[in-house]
Amino acid sequence: MTSPRSRALDAAIDLLGTEGLRALTHVRVDDRAGIPRGSTSNYFRTRAALLGGVVERISERETPQVGESLAPTSAEALIEALGALVVYTTTVQRTLTAARLVLFMEASHDPTLRESLSARRHALEADAVPALARLGSSDPVTGAAAVMACAEGLILHRIARGDETDPRPALELVMRAALA
């Protein structure tokens with residue numbers, strides 16, 4: 001059984017991903033989570049604390065899929081895994097991904113949120129560096145940054161524009177450059 005705190009965070013993600021930032025209030029989170037009114041406020045006294053909790057919860061929910069994508073031992077397998085991850089995050093996990101994108105925009109005005117999201121991004125890049133190094137990249141740090149930027153751009157376009165283009169050709173182009 002999921003804890004009331006986790007249910008509140010999942011409800012906050014759902015609100016952000018389906019209705020946007022303005023929909024996020026403590027009362028609406030309580031209602032969406034099916035927990036007693038005032039519960040979310042007890043866990044997260046301020047809106048900033050709630051947003052910080054949402055960032056952590058998104059990370060908890062995304063980390064297993066990302067980790068699996070970075071395990072392949074060939075460039076082709078990595079391209080395929082990253083392409084599948086882009087599709088997964090924009091279909092099955094669409095609401096969670098849309099919530100993350102809402103947080104990205106809010107982070108442009110909120111240094112604390114920006115720092116939290118940046119830490120998560122740096123961790124993901126750091127996880128990609130060994131995969132690119134194993135595949136022979138001469139500069140796996142820059143390569144990881146380029147591959148991550150490409151994947152993020154593809155995800156943004158799939159969510160914001162409804163672009164259903166196969167992500168693998170773009171990922172392959174960037175991956176080949178990262179491995180050159």
Side-chain angles (χ1 to χ4, degrees), residues 5-6 9-10 12-13 16-17 20-21 24 43-44 46-75 77-160 167-168 170-180:
R5 182 182 187 279
S6 293
L9 290 172
D10 289 338
I13 290 168
L16 285 170
L21 189 62
L24 188 68
Y43 296 119
F44 307 99
T46 65
R47 183 179 182 86
L50 179 57
L51 291 174
V54 168
V55 170
E56 290 175 20
R57 182 67 174 162
I58 288 173
S59 178
E60 287 172 15
R61 289 177 51 184
E62 286 182 330
T63 298
Q65 291 85 22
V66 173
E68 292 170 15
S69 296
L70 299 176
T73 56
S74 72
L78 185 54
I79 292 163
E80 199 61 39
L82 288 174
L85 182 63
V86 167
V87 171
Y88 177 79
T89 60
T90 58
T91 57
V92 175
Q93 291 288 342
R94 181 178 178 75
T95 300
L96 182 136
T97 302
R100 183 167 30 88
L101 293 174
V102 167
L103 292 173
F104 283 176
M105 294 309 299
E106 182 62 17
S108 69
H109 311 292
D110 181 335
T112 303
L113 186 58
R114 182 172 43 249
E115 184 177 311
S116 180
L117 288 168
S118 292
R120 171 73 176 136
R121 172 64 152 70
H122 292 306
L124 288 173
E125 274 186 35
D127 289 346
V129 170
L132 291 176
R134 276 192 314 274
L135 296 174
S137 176
S138 62
D139 186 357
V141 173
T142 303
V147 170
M148 292 291 297
C150 177
E152 285 177 338
L154 291 166
I155 288 167
L156 173 66
H157 284 269
R158 289 176 70 92
I159 295 289
R168 291 173 298 182
L171 288 166
E172 181 175 5
L173 181 70
V174 173
M175 184 68 68
R176 297 291 175 203
L179 295 177

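Nothing fancy with the numbering, it's 1 onward along the sequence.
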Handout entry: Spacing of CD belonging to Gln93 relative to CG belonging to Leu85, to within rounding of 0.5 Å
Key = 10.0 Å

Completion exercise
dist Leu124:CG -> Ser59:OG (nearest 0.5 Å) comes out at 7.0 Å

Practice task
Report yes if the side chains of Arg134 and Pro130 come closer than 4.5 Å at any heavy-atom pair, otherwise no.
Solution key: yes

Practice task
Taking all heavy atoms of Ala178 and all of Gly143, pick out the closest pair and write down the distance.
Solution key: CB-CA, 3.7 Å

Handout entry: Arg61/Ile13 under side-chain contact (heavy atoms from CB on, under 4.5 Å): CA gap, chis, key distance, verdict
Key = CA-CA 11 Å; Arg61 289 177 51 184; Ile13 290 168; 3.7 Å; yes

Problem - Pairs touching residues 99-108 that satisfy side-chain hydrogen bond (donor to acceptor under 3.5 Å, both in side chains), sequence neighbours left out - result: Glu62-Arg100

Completion exercise
Closest non-hydrogen contact found for Ser138 with Pro140 is C-CD, 3.7 Å

Practice task
Under the side chain to side chain contact (heavy atoms under 4.5 Å, CB included) rule, collect the residues that match up with Phe44, sequence neighbours excluded.
Solution key: Arg5, Leu9, His26, Thr40, Ala49, Leu50

Handout entry: From CA spacing to verdict: side-chain contact (heavy atoms from CB on, under 4.5 Å), Val86, His157
Key = CA-CA 11 Å; Val86 167; His157 284 269; over 6 Å; no

Problem - Interatomic spacing from CD in Glu80 to CG in Leu171 - rounded to 0.5 Å - result: 10.0 Å

Completion exercise
Here the gap from Ile155 atom CD1 to Thr89 atom OG1, rounded to the nearest 0.5 Å, amounts to 3.5 Å

Handout entry: Residue pair Leu24 / Val102, side-chain heavy-atom distance below 4.5 Å
Key = no

Fill in the blank from the handout: Tightest non-hydrogen contact, residues Ala144 and Ala128, listed as CB-CB, 3.9 Å

Completion exercise
For Ala107, the side chain to side chain contact (heavy atoms under 4.5 Å, CB included) test, sequence neighbours excluded, returns Leu113, Arg114, Leu117

Handout entry: Minimum heavy-atom distance Gly17-Ala98, with the two atoms named
Key = O-CB, 3.6 Å

Fill in the blank from the handout: All heavy atoms of Val54 vs all of Ala12, minimum pair found to be CG2-CB, 3.6 Å

Problem - Beyond-backbone contact of Thr90 with Leu154, side-chain heavy atoms, under 4.5 angstrom - result: no

Exercise for the section: Could you give me the CA-CA distance, side-chain angles and deciding distance for Val87 and Arg158, then say whether side-chain contact (heavy atoms from CB on, under 4.5 Å) is met? Expected result: CA-CA 9 Å; Val87 171; Arg158 289 176 70 92; 3.8 Å; yes

Problem - Residue pair Leu132 / Met175, side-chain heavy-atom distance below 4.5 Å - result: yes

Handout entry: Distance (rounded to the nearest 0.5 Å) between Leu16 CG and Leu103 CG
Key = 5.5 Å

Problem - Inter-residue atom distance Leu78.CG - Thr73.OG1, 0.5 Å rounding - result: 10.0 Å

Fill in the blank from the handout: Closest non-hydrogen contact found for Arg176 with Ala75 is NH1-CB, 3.6 Å

